[in-house]
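Here's the structure, in structure tokens; my notes come after.
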Amino acid sequence: MIRRSLCLFSALLAVSACVGPPDRAPGKNKQKLSRPATKDARQCLSDLDKMKARYAFLAEQDFGNGCSQTASVQLYDVGIPVTNVKAVKCDVARALGEWTKDTLQPAARKAFGARVVKIESMGGYSCRNVIGRPQAAGNRSEHATGNAIDIGGFLLSNGRRVTIVAGWNGMNDEREFLRTIRGGACKRFQTVLSPDYNAAHYNHLHFDLGRGPYCR
Ligand SMILES: [Zn+2]
């Protein structure tokens, strides 16, 4: 009996050894791939797999001037497609996926009786300063390390499109929906900025995992 269990166990081991992670970079979007350097990064990728995210793990790169790409992915999907993300830290991708499930979809069901079928991002990694700040140390945006993502709008299963720029002060259902999803994001991210924060954010929600908590 013991021997049989052992055999079964080794058979399972052999099977699991054969199943490697699939190449998640579709076609021409293929990036240079490398292995995640830390246990945390490997855990994060495993969490992305569990939420059926599609992504390509990106090679670590230091671009200088406070701009770098570590433990980052090119993100295509967090269960639903996310457009326009070149690179973002895996932790940000994971938080976005969790927020999509816990906050975004329930809020869309409640407000519109529909599902969100696409998240329209306005980008993750970007080697730049906080908007409006001069070129100086300490003014680098969380985007400069891919630790942030900007969200501009959503496509719903009924064909309706909801954007921050039109909806924040738009129809009642959109206003309520957008404030609800901002509130949920504040539980997942360190800093969440909306049009309520300043004029630079009139058309997007900014989520990051840098310093915080700050929610406005
Ligand atoms: Zn931003």
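As the structure lists them, so they are numbered: ligands from 1, and atoms in each ligand from 1.
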Under 2.8 Å: N/O/S of His143 next to the Zn ion (ligand 1): yes

Parallel, tilted or perpendicular: rings of His201 and Tyr197 (30°, 60°): perpendicular

The Zn ion (ligand 1) contact by His206, N, O or S atom under 2.8 Å: yes

Selection residues 77-114 - residue pairs positive for ring-ring contact (aromatic ring centres under 6.0 Å, His included), sequence neighbours left out: Trp99-Phe207, Phe112-Phe177

Closest approach to the Zn ion (ligand 1) by Asp150, given as the N, O or S atom name: OD1

Within 6.0 angstrom of Tyr214 OH, more than 12 heavy atoms from elsewhere: yes

Single hit among Leu75, Asp40, Leu45 for side chain to side chain contact (heavy atoms under 4.5 Å, CB included) with Cys90: Leu45

